[in-house]
There are 2 protein chains.
Amino acid sequence: MSDETTPPPDAVTGTGADRTLHQRILSDIETRIVSGEWPPGHRLPFEVDLARRYGCARMTVNKVMTQLAKAGLVERRRKSGTFVAQPRAQAAILEIHDISREVEQTGLPYSYTIVAHAQHRATAAERARLDLDGSARVLAVTALHRAGPAPFCLEERLINLSAVPEAADADFSATAPGRWLVERVPWSAAEHRIHAASADASTAARLAVQPGTACLVVERRTWHNGGPITHATFTYPGERHSLVASFTPAGGG
Amino acid sequence: MSDETTPPPDAVTGTGADRTLHQRILSDIETRIVSGEWPPGHRLPFEVDLARRYGCARMTVNKVMTQLAKAGLVERRRKSGTFVAQPRAQAAILEIHDISREVEQTGLPYSYTIVAHAQHRATAAERARLDLDGSARVLAVTALHRAGPAPFCLEERLINLSAVPEAADADFSATAPGRWLVERVPWSAAEHRIHAASADASTAARLAVQPGTACLVVERRTWHNGGPITHATFTYPGERHSLVASFTPAGGG
DNA sequence: GCAATTATTATGTATATACATGATTGCAGG
DNA sequence: CCTGCAATCATGTATATACATAATAATTGC
């Protein structure tokens, strides 16, 4: 380290849009990792060195590193330094859009009908699905979503009335139950199960396909404050429909 | 604001483990939002006020807010303040584990066999799937993964040999092609398509199910530095298997 | 020579400070 | 009444500083 003459303040500015310094440093390091220039296991320069290289304070580099570490791109060890992480089990992000949005992306007009709407005490099967005990009352709603004239998806939903009593009097003809719930119940957690199934007779009839047709089934369970809210089964007929999940290393960006 | 007497330094410390201040503030605010105490649209206290309340500097609160905003729990507007966001289209996280791991979770022993292994010039269909042009060479590998004696999943994989020439000489009898690639190609991006399909004759035979059985099909395309690496189709027989994706508001960390 | 102790070092957290940015409010002037 | 300028305010970014923490390296004591 003999020449401390002119630390280039625009070491990264070449790419420079009007992004912030933080962003430029982040994407610079990210690029080196994702491109393989810094392969997994490689120790990257110390924070102080990077700070000098980018002509900034350590804190700035530190924050970038914190973010990269949280995104899983790097691993940090005190005293040893920061290392490019091994790209292990990738967690792809599955966008679960609104069905109406999903349909509209196909260019066809969206519509839906409520084909069943009943309120009763939960059966054993329903209690299991909703993770309820005792004899709570539930609302069972079945809706058929359409893309143009063709059935797009069959939604079979159970709503826990002790958690959302207002649902009993709700009018789902204008607002689909999914949207109605999302607008009412703040920040719920959800679990999705995705599997394939052959359409049984009644499902096939509603979806206007042959019985036995392979369908994609998405089950969604929703909680709020630890209590069950709703369980929904979405059945997509045939082999046309597909869910898309993507993974980008930089993703956390 | 008449009493500025004793700002309680341990306003949150009640819950206090030995977590950092940042974490405690974060989880405190998070809890209020997720529980609905601060419903969507609610304006939360200004950063300076929160700082006083938690007995810390504004920077600390600011960093927490930045994180919450990135996680999508809050929205921030200059001059106006920070607001609880509307819980829109939830992006669930789909864990794509290794198949061996997936099998071992069932308690059954994992094994696999390579049932086909050929190298040739890419056909039109293969070029389309790999997003290749020209007449590149590809390696086509078919592997059957088993849980105990029963077929668990059929993997049909194409590897772009111009991107990964070493694959031509690789021995996949000890290391499955998926794992082999992940160990070699650093930090690739991937896209997954999930759909249902009826098993055709040859697939059904290999998976030991009736032709026409509904199967869950996961397609994975992988890139590195913008170039295609591999395309894999995983076919899970029957209705047993299911993918699980979960969404937690706090999830983003 | 080897265990126990003590530096050293790089990350990790928190603070006070400064100024930039952008939206909103309010006031002035037509 | 409405336009436009200026003040204000809350967030946004960056910095210098301080000290905590954990892991490694060096040194001491026996």
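Numbered from 1 within each chain, the chains take letters A, B, ... in sequence-line order.
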Atom-pair distance ([atom1] on [X]; [atom2] on [N]), nearest Å:
{"X": "A:Phe83", "N": "C:dT11", "atom1": "CZ", "atom2": "C1'", "value": "12 Å"}
{"X": "A:Met59", "N": "C:dT11", "atom1": "CE", "atom2": "C1'", "value": "12 Å"}
{"X": "A:Leu50", "N": "C:dA10", "atom1": "CG", "atom2": "C1'", "value": "12 Å"}
{"X": "B:Asn62", "N": "C:dT21", "atom1": "CG", "atom2": "C1'", "value": "14 Å"}
{"X": "A:Arg19", "N": "C:dT21", "atom1": "CZ", "atom2": "C1'", "value": "19 Å"}
{"X": "B:Glu47", "N": "C:dT21", "atom1": "CD", "atom2": "P", "value": "18 Å"}

ask   = Do you see a donor-acceptor pair shorter than 3.5 Å between the side chains of B:Glu219 and B:His231?
value = yes

Distance-minimising heavy-atom pair for B:Gly178 and B:Arg157 = CA-NH2, 3.4 Å

request  = Would you name the heavy atoms of B:Cys153 and B:Ile99 that are closest together and state the gap between them?
outcome  = SG-CD1, 3.9 Å

query = Would you say B:Thr230's side chain and B:Thr222's backbone share a donor-acceptor pair under 3.5 angstrom?
reply = no

request  = With B:Tyr54 as reference, evaluate B:Thr60, B:Asp49, B:Asp28 under the side chain to side chain donor-acceptor pair (under 3.5 Å) test and give the passing residue.
outcome  = B:Asp28

query = Of A:Cys56 and B:Met65, whose nearest nucleotide on DNA chain D comes first from the 5' end?
reply = B:Met65

request  = Select from A:His22 and B:Pro45 the residue whose nearest nucleotide in DNA chain D is closer to the 5' end of that strand.
outcome  = B:Pro45

message = Does a side-chain N or O of A:Thr82 approach OP1 or OP2 of C:dT11 to a distance below 4.0 Å, or not?
response = yes

remark   = Across all chains, not counting sequence neighbours, the side-chain contact (heavy atoms from CB on, under 4.5 Å) partners of B:Thr31 are none

query = Of B:Lys63 and B:Arg58, whose nearest nucleotide on DNA chain C comes first from the 5' end?
reply = B:Lys63

task = Apply side chain to side chain donor-acceptor pair (under 3.5 Å) to the pair B:His97 and B:Gln105, showing each step before the final yes or no.
result = CA-CA 11 Å; B:His97 357 54; B:Gln105 276 184 350; 4.9 Å; no

Atom pairs and distances, donor-acceptor, side-chain atoms in residues 180-191 of chain A, under 3.5 Å, two or more places apart:
residue, atom, partner, partner atom, Å
A:Trp187, NE1, B:Ala85, O, 3.2
A:Glu191, OE1, A:Arg193, NH1, 2.9

ask   = chain B on DNA chain D: first and last contacting nucleotide, 5' to 3', under 4.0 Å to a heavy atom?
value = D:dT8 to D:dA14

remark   = Expected string for nucleotides 4-9 of chain C under the B/S/- scheme (protein heavy atoms, under 4.0 Å, primed atoms plus P, OP1, OP2 as sugar-phosphate) is ----BB

key: B:Arg58: salt bridge (Lys or Arg N to Asp or Glu O under 4.0 Å) partners, not counting sequence neighbours   = B:Glu47

Over-ring placement of B:Arg77 relative to B:Phe83, 6.0 Å and 45° cut-offs = yes

request  = Take the C1' atoms of the five end pairs on each side of the helix from C:dG1-D:dC30 to C:dG30-D:dC1, get both axes, and report the angle to 10 degrees.
outcome  = 10°

Ring centres under 6.0 angstrom apart (A:Phe152, A:His241) = yes

